[in-house]
There are 2 protein chains.
Amino acid sequence: MWVKLSTRGEYGLRAMFDLAQRYGEGPIPLKSIAERQDISEHYLEQLIAILRKAGLVKSVRGAQGGYTLSQEPHEITVGDIIRVLEGPIAPVECLNDDGSENCKHEDTCVTKDIWEKVRDSISDVLDSFTLGDMLERSNKMKQKNKNYMYYI
Amino acid sequence: MWVKLSTRGEYGLRAMFDLAQRYGEGPIPLKSIAERQDISEHYLEQLIAILRKAGLVKSVRGAQGGYTLSQEPHEITVGDIIRVLEGPIAPVECLNDDGSENCKHEDTCVTKDIWEKVRDSISDVLDSFTLGDMLERSNKMKQKNKNYMYYI
DNA sequence: TTATATCATAGTATTTTACTCGGTTTTTGT
DNA sequence: ACAAAAACCGAGTAAAATACTATGATATAA
């Protein structure tokens, strides 16, 4: 399947949503996120390292340490998270920053603008949703379903 | 990369464009397509088998046989081709026909509608281009660039 | 000083991709 | 009838990507 979120994107988004639900509560240890989301802690470490280097989360080392979102939930889009974890959205090689060098016949390519439109439409959708939107959605779910389940 | 056309989609689209350029000339042998497009003949056989089973091309067996588009170029969209070769566009498992069975908490899922919008926007873009559009585009290129190169 | 954390890197099993290989069957032209 | 040209078919395989595991070092609060 050519459009398929890997576990990097899925787990990373779930971890970020977990942090969004606890925004303002101080640093959240990774262990607790991994347990709640049922993800291998070691693997999640690697993913959150990517998010940290991209500036989406801040870390506090040592005991009582953990992670927090570096901006408010409504300031972080799903696109920010997915692009960082899954890499740039490029259906074909030549849409990458470096990739255009490899392609000598850009100017006469019949399909390039198709892939550009695909890329842009995906980006637009993902950037139209923030973690804040997801929280709101989740809260509405909670009100409706008293059994208190919200999933991602 | 989570949005990445595989060679199946790329080669298949190139083969279909090759057939579109020769539409009306009778059956085109696969060997000639493979040579022009510089694709392994055996591999392309497997891809065109998928296109044939999906009804996008017709085959004529025996000597002087080959393949033809089963509809006019402007009736076949890029989406038709890509969906057949790369499988259904489903960023997450639960958007597949069978996949929803696996997911118990569809009703309370915070992200499902994001992935549905992603899927639909990709589909819309791909369905807005036909092989006929690509031929027109290619012909304009030919007029501008006298050196007669058109690529895909 | 100890427990709790983050941080870092190397290794590995599984899955997917991108083919290759070795044929059989069908049809046309001589 | 026969040879050549072509579609059709299924199994096997090398390389790459994915999804982890393993083993530690470093930092900080209590």
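Everything numeric in this text was worked out from a predicted model, so none of it was measured. Chain letters run A, B, ... following the sequence lines, proteins first, then strands; residues in each count from 1.
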**Q** Sequence neighbours excluded, which residues qualify as side chain to side chain donor-acceptor pair (under 3.5 Å) partners of A:R83?
**A** A:S123, A:D127
**Q** Residues two or more places apart in sequence or in another chain: which of them pass side chain to side chain donor-acceptor pair (under 3.5 Å) with B:S6?
**A** B:E86
**Q** Supply the atom-to-atom distance A:I33 CD1 to A:L19 CG, rounded to the nearest 0.5 angstrom.
**A** 4.0 Å
**Q** Quick one: label A:L30 by what it contacts on the DNA or RNA (base, sugar-phosphate, nothing), any heavy atom closer than 4.0 Å.
**A** sugar-phosphate
**Q** In whole Å, what is the span from the CG atom of B:L47 to the C1' atom of D:dG10?
**A** 15 Å
**Q** Within this structure, what is the CZ-to-P distance between B:R52 and D:dA6, rounded to whole angstrom?
**A** 17 Å
**Q** Check salt bridge (Lys or Arg N to Asp or Glu O under 4.0 Å) between B:D113 and all other residues, then give those that pass, not counting sequence neighbours.
**A** A:R137
**Q** To 10°, what angle do the rotation axes through the five end pairs on each side of the helix from C:dT1-D:dA30 to C:dT30-D:dA1 form?
**A** 10°
**Q** If I take atom CD in residue B:E41 and atom C1' in nucleotide D:dA5, what distance separates them, rounded to the nearest angstrom?
**A** 11 Å
**Q** Applying side chain to side chain donor-acceptor pair (under 3.5 Å), can you list everything that pairs with A:D18, at least two apart in sequence or on another chain?
**A** A:R22, A:R36, A:Q37
**Q** Once you round it to whole Å, what is the distance between C1' of D:dA6 and NZ of B:K58?
**A** 18 Å
**Q** Would you list the pairs meeting salt bridge (charged side-chain N to carboxylate O under 4.0 Å, His left out) in which at least one residue belongs to residues 46-63 of chain A, sequence neighbours left out?
**A** none
**Q** Rounded to the nearest 0.5 Å, how far apart are CG of B:L126 and CD1 of A:I114?
**A** 7.5 Å
**Q** Would you say B:T77's side chain and B:D80's backbone share a donor-acceptor pair under 3.5 angstrom?
**A** yes
**Q** Would you please name every residue forming a side chain to side chain donor-acceptor pair (under 3.5 Å) with A:S70, sequence neighbours left out?
**A** none
**Q** Could you check how far NZ of A:K4 sits from C1' of D:dA19, rounded to whole Å?
**A** 14 Å
**Q** Counting just side-chain N and O atoms, does A:Y11 come under 4.0 Å of either OP1 or OP2 of D:dA19?
**A** no
**Q** Working to the nearest 0.5 Å, report the span between CG of A:L44 and CD of A:E35.
**A** 11.5 Å
**Q** Return the value, rounded to whole Å, for the distance between atom CD of A:E45 and atom C1' of D:dA25.
**A** 12 Å
**Q** Show me the protein contacts with nucleotides 13-18 of chain D, counting only N or O atoms at under 3.5 Å.
**A**
from   : atom 1 : to   : atom 2 : distance (Å)
D:dT18 : OP2    : A:R8 : NH2    : 3.3

**Q** Provide, to the nearest angstrom, the distance between the NE2 atom belonging to B:H42 and the P atom belonging to D:dA6.
**A** 15 Å
**Q** By a strict heavy-atom criterion of less than 4.0 Å, which residues belonging to residues 61-73 of chain A are in contact with DNA chain D?
**A** A:R61, A:G62, A:A63, A:Q64
**Q** Please enumerate all residues that pass salt bridge (Lys or Arg N to Asp or Glu O under 4.0 Å) together with B:D133, with sequence neighbours excluded.
**A** none
**Q** Please identify the 5'-most and 3'-most nucleotides of DNA chain C with any atom under 4.0 angstrom from a heavy atom of chain B.
**A** C:dT17 to C:dT28
**Q** Could you tell me the separation between the OH atom of B:Y23 and the OG1 atom of B:T68, rounded to the nearest 0.5 Å?
**A** 7.5 Å
**Q** Output the distance between atom CZ (B:R8) and atom CG (B:L85), rounded to the nearest 0.5 Å.
**A** 8.5 Å
**Q** Can you tell me the distance, in whole Å, between the NZ atom of B:K31 and the C1' atom of D:dC8?
**A** 17 Å
**Q** Partners of A:K117 by salt bridge (Lys or Arg N to Asp or Glu O under 4.0 Å), sequence neighbours excluded?
**A** none
